[in-house]
Amino acid sequence: HLPSKKIIHWCGLLINTTNLDVSVDSSRHQGTRVADSLTVHKGRQPGSNFRHKILSMATSKNHLLFMDTTFNSEFTVYSNIYENFLMMAMKVVQYLKDWNTHTLKHRTFILTTLKGGFLYSYRGLQNLTKGSLADNIGVQCTVRKEVFLWFGYQALRHVLLKKRAHWREFYTEIEAELKKPRYRSFAHQPKFVRVLRVGEQRLKGIVF
């Protein structure tokens, strides 16, 4: 975590005055309750509403400013991705709690929707960095798809671990996903471990 004197808090952003990295100011959420800023749409098509909500949350921070690896450091881009997925995971747990549906019965649908949200976010980001604006200003995002998805699963794992008594089956499936060969090595790389540690520290004061 960088010393505060190197960081400027500005309009919901953190700007590093040393290297000009830009990230989301997660500190503004400290002490807040996820339920206070979340709307659960039940209605006639609760499943469709849930899917739409997931896609919206997964892409809420898909902005060139946060994801440009030619402007921001690799660590900052990784942190922006992971912290967005942490917020999303906390909101999902709260959403399902408020939805009051039979989560175990609909486990496959819920997990498939979440995994689809991670992939949708990645594809949306790729499209964004291939647009005319990105071309004009030289934006790139070199984050591999497997790394991007791994951060999503790690965020879910971290949040579900805190509520494991109620989400044991979900937690088990996410653990199994993370043990697949395509993801297994990431957990042993110091740069990724640091992203997880710092992100979880930054968002630990949020109640869900």
Side-chain angles (χ1 to χ4, degrees), residues 11-14 23-63 65-67 79-125 127-128 148-178 195-196 199-208:
C11 296
L13 303 176
L14 294 179
S23 55
V24 178
D25 185 3
S26 303
S27 65
R28 60 199 176 99
H29 298 297
Q30 293 298 317
T32 62
R33 297 175 67 254
V34 169
D36 294 338
S37 60
L38 187 67
T39 302
V40 177
H41 300 283
K42 298 179 182 179
R44 296 181 179 179
Q45 297 179 311
S48 295
N49 291 334
F50 175 70
R51 184 181 293 110
H52 177 76
K53 193 75 172 180
I54 292 300
L55 298 182
S56 176
M57 289 190 290
T59 56
S60 64
K61 295 297 183 295
N62 272 18
H63 195 290
L65 187 65
F66 304 133
M67 303 302 178
S79 293
N80 288 337
I81 294 168
Y82 184 55
E83 289 175 28
N84 180 52
F85 283 149
L86 275 177
M87 283 296 302
M88 170 184 166
M90 287 187 276
K91 289 178 180 179
V92 166
V93 168
Q94 186 64 51
Y95 190 101
L96 292 173
K97 178 182 176 182
D98 294 347
W99 188 6
N100 198 28
T101 189
H102 195 310
T103 53
L104 194 57
K105 178 181 178 181
H106 301 296
R107 183 175 77 248
T108 299
F109 166 73
I110 292 169
L111 287 172
T112 299
T113 301
L114 289 170
K115 294 175 183 179
F118 299 149
L119 190 57
Y120 180 79
S121 179
Y122 175 78
R123 289 172 176 168
L125 181 59
N127 290 335
L128 194 63
F148 196 93
L149 298 179
W150 183 78
F151 281 129
Y153 296 132
Q154 282 289 353
L156 268 180
R157 177 187 178 279
H158 176 73
V159 169
L160 292 176
L161 181 61
K162 290 181 174 294
K163 308 284 185 178
R164 192 173 178 180
H166 302 287
W167 300 94
R168 187 175 303 276
E169 292 81 4
F170 287 80
Y171 180 85
T172 299
E173 290 205 30
I174 295 300
E175 280 277 86
E177 186 72 31
L178 287 167
V195 170
L196 303 188
E200 290 154 15
Q201 178 68 24
R202 287 175 176 169
L203 276 70
K204 71 175 183 179
I206 301 174
V207 180
F208 64 97

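Remember, it's a predicted structure, so these values are computed and weren't measured experimentally.
- Taking both residues in full, the closest heavy atoms of Thr103 and Leu96 are given as CG2-CB, 4.1 Å, listed atom of the first, atom of the second, then distance.
- For the pair Ala89 and Val159, the tightest heavy-atom approach, listed with the atom from each and the gap, is CB-CG2, 3.6 Å.
- Atom CG of Leu86 and atom CD1 of Ile81 lie 12.0 Å apart (nearest 0.5 Å).
- When every heavy atom of Leu149 is checked against every heavy atom of Leu119, the shortest pair comes out as CD2-N, 3.8 Å.
- Annotation: side chain of Val92 is not in contact with side chain of Lys53 (no heavy-atom distance under 4.5 Å).
- Screening residues 85-95 for side chain to side chain donor-acceptor pair (under 3.5 Å) gives Gln94-Asp98 as the qualifying pairs, with residues at least two apart or on separate chains.
- Inter-residue side-chain proximity for Phe50 and Val40 is flagged as unmet; no heavy-atom pair is nearer than 4.5 Å.
- Checked against salt bridge (charged side-chain N to carboxylate O under 4.0 Å, His left out), Glu177 has the following partners two or more places apart in sequence or in another chain: Lys115, Lys180, Arg182.
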### Message
If you apply the rule side chain to side chain contact (heavy atoms under 4.5 Å, CB included), what do you find for Met90 with Leu203, and how did you get there?
### Response
CA-CA 10 Å; Met90 287 187 276; Leu203 276 70; 3.7 Å; yes

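- Of the inter-residue distances, the one linking Ile110 atom CD1 with Trp99 atom CH2 reads 6.0 Å to the nearest 0.5 angstrom.
- Looking at heavy atoms from C-beta onward, Thr101 lies in side-chain contact with His106 at the 4.5 angstrom threshold.
- Under the 4.5 Å side-chain criterion, counting only non-hydrogen atoms from C-beta, His166 is not in contact with Val93.
- In this structure Glu175 satisfies the salt bridge (charged side-chain N to carboxylate O under 4.0 Å, His left out) test together with Arg157, sequence neighbours excluded.
- Atom OH of residue Tyr122 and atom CG of residue Asn127 lie 10.5 Å apart, to the nearest 0.5 angstrom.
- Pairing each heavy atom of Gly117 with each of Ala58, the nearest pair is O-CB, 3.3 Å.
- Residues meeting the ring-ring contact (aromatic ring centres under 6.0 Å, His included) test with Tyr153, sequence neighbours left out: Phe118, Tyr183.
- For His63, the ring-ring contact (aromatic ring centres under 6.0 Å, His included) partners at least two apart in sequence or on another chain are Phe66.
- Trp150 is not listed as a side-chain neighbour of Phe85, based on a closest heavy-atom distance of 4.5 Å or more.
- In this view, Arg33 and Asp36 satisfy the salt bridge (charged side-chain N to carboxylate O under 4.0 Å, His left out) rule, not counting sequence neighbours.
- Take Lys61 and apply the salt bridge (charged side-chain N to carboxylate O under 4.0 Å, His left out) test, not counting sequence neighbours, and it matches no residue.
- Every residue two or more places apart in sequence or in another chain that forms a side-chain contact (heavy atoms from CB on, under 4.5 Å) with Ser48 is listed here: Gln45, Arg51.
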### Task
Check step by step if side chain to side chain contact (heavy atoms under 4.5 Å, CB included) holds for Leu196 and Gln154.
CA-CA 8 Å; Leu196 303 188; Gln154 282 289 353; 3.9 Å; yes

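- The nearest pair of heavy atoms linking Leu114 to Ile54 is CD2-CD1, 3.6 Å.
- Note on residues 79-89: pairs passing side chain to side chain donor-acceptor pair (under 3.5 Å), not counting sequence neighbours, are Ser26-Glu83, Ser60-Asn84, Tyr82-Glu200, Glu83-Arg202.
- For Tyr171, the OH atom counts as densely surrounded, since its 6.0 Å shell holds more than 12 non-hydrogen atoms of other residues, nucleotides or ligands.
- Not counting sequence neighbours, the partners of Arg107 by the side-chain contact (heavy atoms from CB on, under 4.5 Å) test are Leu104, Leu111, Glu169, Phe170, Glu173.
- In this structure, the separation between OG1 on Thr113 and OH on Tyr120 is 13.5 Å, given to the nearest 0.5 Å.
- Listed by chain and number, the residues in a side-chain contact (heavy atoms from CB on, under 4.5 Å) with Thr32 are His29, Ile206 (sequence neighbours excluded).
- Contacts of Phe208 classified as ring-ring contact (aromatic ring centres under 6.0 Å, His included), with partners at least two apart in sequence or in another chain: none.
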